[in-house]
Amino acid sequence: TKTIQPLIVAMPFICRLIQCSRQYYDTGVKATLLNALKYGVSIVAITFSTLDAYSVSDGKTTIYRTMWITTIIIGTCYSCAWDFIMDWGLLRPSKNFLLRDTLLFHRSDVYYFAMMTNIILRMGWLVTLTPKTFGVNLSREMILCVMASFEVIRRFQWNFFRIEKEQADNM
C-alpha cells in the first residue's frame with residue numbers, strides 16, 4: 001500500500017507532465033514547459049511524502065517531511081499564480097484592479113471571491129497534516145473525504161472561470 005498509493009496519486013501529474021512536454025515538443029511554446037514544471041513539483045512533493053512515510057523518525061520531523069512541506073508550499077503558490085495569471089487571465093495590468101479589462105460579470109467582487117476561495121481550497125492540505133491544530137476531530141479517512149470534496153468544488157470553480165476567460169477573450 002505504501003508503494004502503490006503514491007503511484008496512483010502521482011499518475012495524473014505524470015500524465016499531465018508528459019502531455020505538457022509533448023506539447024512543448026510539438027509547438028515550441030515555452031509556457032508549456034512552465035506548466036509542466038507545476039506538475040513536476042507535485043511529483044517531487046509526492047516523492048518526499050512517500051520517503052517520509054518510509055523513514056523512521058521516533059516522532060521527530062524528518063528531512064523528507066521538511067522537503068515535502070516545502071515543495072507543497074512552492075507548488076501551491078505556483079499553482080495559484082498559474083490559475084490566476086495563465087488560466088483565468090487575472091493579475092495583469094488593467095483598469096480593473098488585479099483583474100482584466102474584459103469581465104463578463106458586472107460585479108468585480110465575484111472575481112476577488114473566486115481568487116480567495118481558490119487559495120483557501122488549495123491550502124486544504126494543511127488540515128491533513130495537523131487536523132487537531134485546526135480543531136478538526138475526524139478520522140483520517142473522513143478528513144480525506146472532505147478534502148476531496150473541497151477539491152471537486154475548487155475544480156468546478158476553476159473550470160467555470162477558465163471558460164469565462166475564454167469567452168471574454170473571444171468577445
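The structure displayed is predicted, hence computed values, not measured ones.
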Residue pair Ile73, Trp125: steps toward the side-chain contact (heavy atoms from CB on, under 4.5 Å) verdict: CA-CA 10 Å; Ile73 291 169; Trp125 57 266; 3.8 Å; yes

Glu151/Phe156 under side-chain contact (heavy atoms from CB on, under 4.5 Å): CA gap, chis, key distance, verdict: CA-CA 9 Å; Glu151 181 63 9; Phe156 171 80; over 6 Å; no

side-chain contact (heavy atoms from CB on, under 4.5 Å) assessment of Ile85 paired with Leu90: CA-CA 5 Å; Ile85 297 166; Leu90 305 175; over 6 Å; no

Worked check of side-chain contact (heavy atoms from CB on, under 4.5 Å) between Lys38 and Leu34: CA-CA 7 Å; Lys38 182 173 64 171; Leu34 295 174; over 6 Å; no

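Between Trp88 and Phe161, the angle of the ring planes lies from 30° to 60°, which puts this pair in the tilted group.
When the side chains of ILVMFWY residues are joined at heavy-atom separations under 4.5 Å, either directly or via intervening members, Leu103 and Phe97 end up in a single hydrophobic cluster. Put simply, Leu138 and Leu144 are part of two different groups of oily side chains (I, L, V, M, F, W, Y) that touch within less than 4.5 Å, one to the next. Residue Tyr112 is grouped with residue Val110 when hydrophobic side chains (ILVMFWY) are merged at heavy-atom distances under 4.5 angstrom, including chains of intermediate members. Taken together through direct or relayed side-chain contacts under 4.5 Å among Ile, Leu, Val, Met, Phe, Trp and Tyr, Val9 and Leu51 form parts of separate hydrophobic clusters. Linking ILVMFWY side-chain heavy atoms closer than 4.5 Å, directly or via other members, places Ile43 and Tyr24 in two distinct hydrophobic clusters.
Looking at Asp83 and Arg154, a side-chain N of the basic residue comes within less than 4.0 Å of a carboxylate O on the acidic one, giving a salt bridge. We find that Asp52 and Arg65 are joined by a salt bridge, their nearest charged nitrogen and carboxylate oxygen being less than 4.0 Å apart.
The line from CH2 of Trp68 to OG1 of Thr47 is 12.5 Å long, rounded to the nearest 0.5 Å. The distance from the CG atom of Leu37 to the CH2 atom of Trp82 is 9.0 Å, given to the nearest 0.5 Å. With rounding to the nearest 0.5 Å, the separation of OG in Ser79 from CD1 in Ile72 is 11.5 Å. Ile46 CD1 to Gln5 CD: the interatomic distance, rounded to the nearest 0.5 Å, is 10.0 Å. Here the CG-CE distance, from Asn35 to Met86, works out to 8.0 Å after rounding to the nearest 0.5 Å. Considering CD1 of Ile74 and OG of Ser42, their distance stands at 11.5 Å, rounded to 0.5 Å.
With hydrogens and angles disregarded, a donor-acceptor distance shorter than 3.5 Å links the side chain of Asn170 to the backbone of Glu166. Side-chain atoms of Asp101 come within 3.5 Å of backbone N or O of Lys95 as a donor-acceptor pair. Distance alone, capped at 3.5 Å, is enough to place a donor-acceptor pair between the Glu164 side chain and the Leu104 backbone. Proximity of a side-chain donor or acceptor of Thr32 to a complementary backbone N or O of Gly28 within less than 3.5 Å is not detected. No side-chain donor-acceptor contact under 3.5 Å links Ser49 to the backbone of Ala45. Judged by distance alone, the side chain of Tyr111 and the main-chain N or O of Phe105 form a donor-acceptor pair under 3.5 Å. Of the possible donor and acceptor atoms, one in the side chain of Arg100 sits under 3.5 Å from a partner among the backbone N and O of Thr102.
Closest approach of Cys80 to Arg122, counting heavy atoms only: SG-CD, 3.3 Å. In this structure, Arg107 and Asp109 approach most closely via the heavy-atom pair NH2-OD2, 2.5 Å. Listed here is the closest heavy atom pair of Val41 and Thr71: CG1-O, 3.5 Å.
Counted within 6.0 Å of CE on Met142, heavy atoms from surrounding residues, nucleotides or ligands total 12 or fewer; the atom is thus considered open. Within a 6.0 Å radius of CZ in Phe113, other residues, nucleotides and ligands contribute 12 heavy atoms or fewer.
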What donor-acceptor contacts under 3.5 angstrom involve side-chain atoms of residues 10-20, with partners at least two apart or in another chain?
| residue | atom | partner | partner atom | Å |
| --- | --- | --- | --- | --- |
| Arg16 | NE | Tyr39 | OH | 3.4 |
| Arg16 | NH1 | Gln19 | OE1 | 2.7 |

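Residue pairs meeting the side chain to side chain donor-acceptor pair (under 3.5 Å) criterion with at least one partner in residues 139-148, sequence neighbours excluded, are absent.
Contact check for Ile120 versus Phe150: no side-chain heavy atoms found under the 4.5 Å cut-off. Looking at Asn118 and Phe84, their side chains come closer than 4.5 Å, going by heavy atoms from C-beta outward.
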